[in-house]
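Structure, as structure tokens:
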Amino acid sequence: MYTIWTTKQVLQFAKPGDEVVLRGWVYRKREFRDKIFVLLRDGEGVVQLVFAKDRPEVYDIAAKLNIESSIIVKGVVKEEQRAPGGKEVHVSDVIWFFVGEPFPINPSAAQADSEYLLDVRHLWIRSRKMWAVLRIRHTVFEAIHEYFRSRGFYEVQCPIFVSAAVEGGATLFPVKYFDREDVYLTQSAQFYLEALIYSLEKVYTVAPSFRAEPSRTRRHLTEFWHAEAEMAWARLHDVMNVCEELITHVVRKVLDERLEELSILGRDTEKLERVKPPFPRVLYDEAIEMLQKMGFNVKWGDDLGADEERALMQKFDTPIHLYGFPEEVKAFYHKNDPQDPKRTLSVDVLAPEGYGEIIGGGERIEDPDELVRKIKKFGLRPEDYYWYIDLRKYGSVPHAGFGLGVDRLVMWICGLDHIRDAVPFPRDIRRVKP
RNA sequence: GCCGCCGUAGCUCAGCCUGGUAGAGCGGCGGGCUGUUAACCCGUAGGUCCCGGGUUCAAAUCCCGGCGGCGGCGCCA
């Protein structure tokens, strides 16, 4: 038997003359008259292999290898300035290999970042770009759990099959559920989290949400990962504090642990280093005023479109809290401000550099009559929300929470052009394969 | 739902405006090259120019219809 070295271990710890066994996939191959260079890729990185022609038993195998062929080799480590990483492995034995067909993705497709890469996504996830994104994504999810658990939130799991909308029925995906026709995929765990605070007080969940919005933008998926939290007794300012601490913690952890991956993606980490609490807190009214000064035709009561949001964010180089939206532009469950009832106690967190909304949250209505009044005002049927209304009848408390679009957060941290690249197998309005 | 763009080799694209025998790079295959960093050089195979109709002596190119794809807006995370 033999010990397997990773490429990373070879570059970090192997000494010249060490005999090592490595396994992985062919990342690049360059053939010369008397030797073949193979860049071997594994889950950790890349190291250069050298196959010499005076060892025909290994050279002849190397000659047959395609890009992405798999192989296990034994060889001797040498220091070599010309090799990537400063070391290379001179192969003495090929223990195992699989050649297969020529790899269908080539650099022109990769450089064009073309549609084709989505058709062959099951293969493209092997690329250095997707490798880097997926490792950062891993760390983002880890950091989210780490933050909530360190702050006394309990993790809970909520149903994916639901029978009422959170924000209205138009964007629900119906599901065939035996002989019933009123079952859908969840859009948000929020209502269930609101129920759970009466047991655990502070709860969170990280789960997929599904929205049948026919959106064709670089910021929308039909299936996305949602990190949601809900807190009993909390107010709007508590939500803002938790949001900025959470985002700061995630960004900090990625900067600490994923610098190599950020560098592969060409991310300007200076822009991430600026992310520190407190984030600027911008009242909706101030935003309207700023936009009017910039020449936008907006007035109090309007929702902010993508152009307005981008223009506003040009004034900031960190995320901001935008709070206090008018009642009409926010979903029915947002609590109106008792001091100013036309306004809700709501907040969006907007990411800089044009990435836009990554969080929506705020205080929820705690009074049952007020809740019913607002459900009706929004043209919805109270009977569809009977259990949600019920929560207000037994020991109702002020409470607040928020939902974070994790894929959008990953997109911004990685500096990606499209949310699809923040996800290994994205689902959008047309694409459900691979 | 609304607005815009695109469809030519396995992949990325040029050619279309101004109609006249189908092109390049990458990838494949064959050969060459003393160390490459998306190696390079020579050769070679590979096409229902999305589909249908029309105009024309002649259509990838012009016109009409269809199909497929992409981007943006709205909505949201």
Side-chain angles (χ1 to χ4, degrees), chain A residues 27-39 46-54 63-64 66-68 78 80-86 88 90 101-120 123-124 127-128 166-168 170-171 187-190 206-228 243 302-310 325 329-331 347-351 355-361 402-412 417-420 422-423 428-431:
Chain A
Y27 179 61
R28 295 278 187 271
K29 176 180 159 185
R30 297 176 195 107
E31 280 186 75
F32 291 83
R33 206 232 293 262
D34 62 353
K35 60 173 69 78
I36 296 173
F37 297 106
V38 166
L39 285 180
V46 170
V47 80
Q48 178 159 287
L49 307 178
V50 183
F51 295 80
K53 196 163 200 172
D54 55 17
K64 288 190 280 188
N66 292 322
I67 299 297
E68 289 303 318
K78 288 195 179 168
E80 174 54 70
Q81 287 306 314
R82 292 168 293 189
E88 63 188 15
H90 289 249
E101 295 180 25
F103 199 60
I105 300 173
N106 62 52
S108 49
Q111 194 175 21
D113 211 359
S114 62
E115 191 60 17
Y116 177 70
L117 297 181
L118 287 164
D119 294 334
V120 293
L123 305 175
W124 178 239
S127 65
R128 294 290 279 168
V166 170
E167 332 217 344
T171 62
Q187 296 178 303
S188 164
Q190 181 191 321
V206 182
S209 285
F210 306 87
R211 301 218 177 146
E213 296 160 357
S215 305
R216 310 186 50 76
T217 83
R218 62 187 61 195
R219 297 167 51 228
H220 285 85
L221 297 169
T222 50
E223 173 183 330
F224 68 97
W225 279 77
H226 214 171
E228 296 176 274
C243 288
D302 291 346
D303 204 358
L304 268 44
D307 287 347
E308 286 85 14
E309 207 174 89
R310 256 191 299 276
F325 291 89
V329 305
K330 284 288 171 187
V347 61
D348 284 356
V349 175
L350 306 183
Y355 284 94
E357 184 177 354
I358 53 175
I359 286 179
F402 65 92
L404 163 69
V406 184
D407 315 288
R408 285 187 180 174
L409 178 61
V410 171
M411 179 190 179
W412 163 53
D417 294 331
H418 203 297
I419 195 167
R420 284 192 298 229
V423 181
D428 61 27
I429 181 168
R430 291 226 178 87
R431 188 174 290 275

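First the proteins, then the strands, lettered A, B, ... as listed; each starts at 1.
The backbone N or O of A/Phe402 lies less than 3.5 Å from no partner atom in the side chain of A/Glu228, so there is not a single donor-acceptor pair. A donor-acceptor contact shorter than 3.5 Å is absent between the side chain of A/Glu213 and the backbone of A/Ser215. Remark: the backbone N or O of A/Ala63 is paired with a side-chain donor or acceptor of A/Lys29 at under 3.5 angstrom. No donor-acceptor pair closer than 3.5 Å links the side chain of A/Asp348 to the backbone N or O of A/Glu357.
The nearest heavy atom of RNA chain B to A/Arg430 and to A/Gly305 marks one nucleotide each, and the one closer to the 5' end goes with A/Arg430. Between A/Phe224 and A/Asp428, the one whose closest nucleotide on RNA chain B sits nearer the 5' end is A/Asp428.
Between A/Arg218 and B/rG72 there is a side-chain polar atom (N or O) within less than 4.0 angstrom of OP1 or OP2. Residue A/His220 places no side-chain N or O under 4.0 Å from the OP1 or OP2 atom of B/rC73. Neither OP1 nor OP2 of B/rA77 sits under 4.0 Å from any side-chain N or O of A/Arg408.
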Audit row: A/Asp417, A/Arg218, salt bridge (Lys or Arg N to Asp or Glu O under 4.0 Å) steps and yes/no: CA-CA 7 Å; A/Asp417 294 331; A/Arg218 62 187 61 195; 5.2 Å; no

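Residue contacts for A/Ile358: at a heavy-atom cut-off of 4.0 Å it reaches the sugar-phosphate backbone alone, with no base atom in range. Residue A/Asp348 is classed as having no contact, given no heavy-atom separation below 4.0 Å to the nucleic acid. Looking at heavy-atom distances under 4.0 Å, A/Glu213 makes contact with a base. Residue-level contact check: A/Thr217 touches the bases, meaning some heavy atom is under 4.0 Å from a base atom. A/Ile105 comes within contact range of no nucleotide atom at all, as no heavy-atom separation falls under 4.0 Å. A/Ala227 comes within contact range of no nucleotide atom at all, as no heavy-atom separation falls under 4.0 Å.
In this structure, A/Asp54 atom CG and B/rG35 atom C1' are separated by 15 Å, rounded to whole Å. Following rounding to the nearest Å, A/Asp303 (CG) and B/rA77 (P) show an atom-to-atom distance of 11 Å.
B/rC16 is unpaired under the Watson-Crick or G-U wobble criterion, no partner having all donor-acceptor distances under 3.5 Å. For B/rC11, the paired nucleotide is B/rG25, the pair qualifying as Watson-Crick or G-U wobble because both relevant distances are below 3.5 Å. The base-pairing partner of B/rA39, taking Watson-Crick or G-U wobble contacts with both distances under 3.5 Å, does not exist among the strands shown. B/rA60 makes up no base pair with any nucleotide shown, lacking Watson-Crick or G-U wobble contacts both under 3.5 Å. Nucleotide B/rC5 is matched to B/rG69 when pairs are restricted to Watson-Crick or G-U wobble geometry with both distances under 3.5 angstrom.
For the P atoms, the distance from B/rC62 to B/rU8 is 15 Å, rounded to whole Å. For the C1' atoms, the distance linking B/rA45 with B/rA9 amounts to 11 Å, nearest Å. Taking the C1' atom of each, B/rC51 and B/rC11 are spaced 23 Å apart, rounded to whole Å.
When each of B/rC75, B/rG35, B/rC70 is scored by its nearest atom to the side-chain atoms of A/Glu115, the top-ranked nucleotide is B/rC70.
For the pair A/Phe224 and A/Arg211, the minimum side-chain heavy-atom distance is below 4.5 Å.
Residue A/Lys78 places its NZ atom among 12 or fewer non-hydrogen atoms of other residues, nucleotides or ligands, all under 6.0 Å distant.
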Between the protein and nucleotides 39-46 of chain B, which nitrogen or oxygen pairs are less than 3.5 angstrom apart?
{"residue": "B/rA39", "atom": "OP2", "partner": "A/Arg30", "partner atom": "NE", "Å": "2.7"}
{"residue": "B/rA39", "atom": "OP2", "partner": "A/Arg30", "partner atom": "NH2", "Å": "2.3"}
{"residue": "B/rA39", "atom": "O5'", "partner": "A/Arg30", "partner atom": "NE", "Å": "3.0"}
{"residue": "B/rA39", "atom": "N6", "partner": "A/Glu31", "partner atom": "O", "Å": "3.2"}

N/O contacts under 3.5 Å, protein versus nucleotides 2-10 of chain B?
{"residue": "B/rG10", "atom": "N2", "partner": "A/Asn106", "partner atom": "ND2", "Å": "2.7"}

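Applying the salt bridge (charged side-chain N to carboxylate O under 4.0 Å, His left out) rule to pairs touching residues 102-119 of chain A yields A/Asp113-A/Lys129, A/Glu115-A/Arg431, A/Asp119-A/Arg431, sequence neighbours excluded.
At a cut-off of 3.5 angstrom, the base of B/rC75 holds at least one donor-acceptor pair with the side chain of A/Ser215. Between the side chain of A/Glu88 and the base of B/rG35 there is at least one donor-acceptor pair of N/O atoms closer than 3.5 Å.
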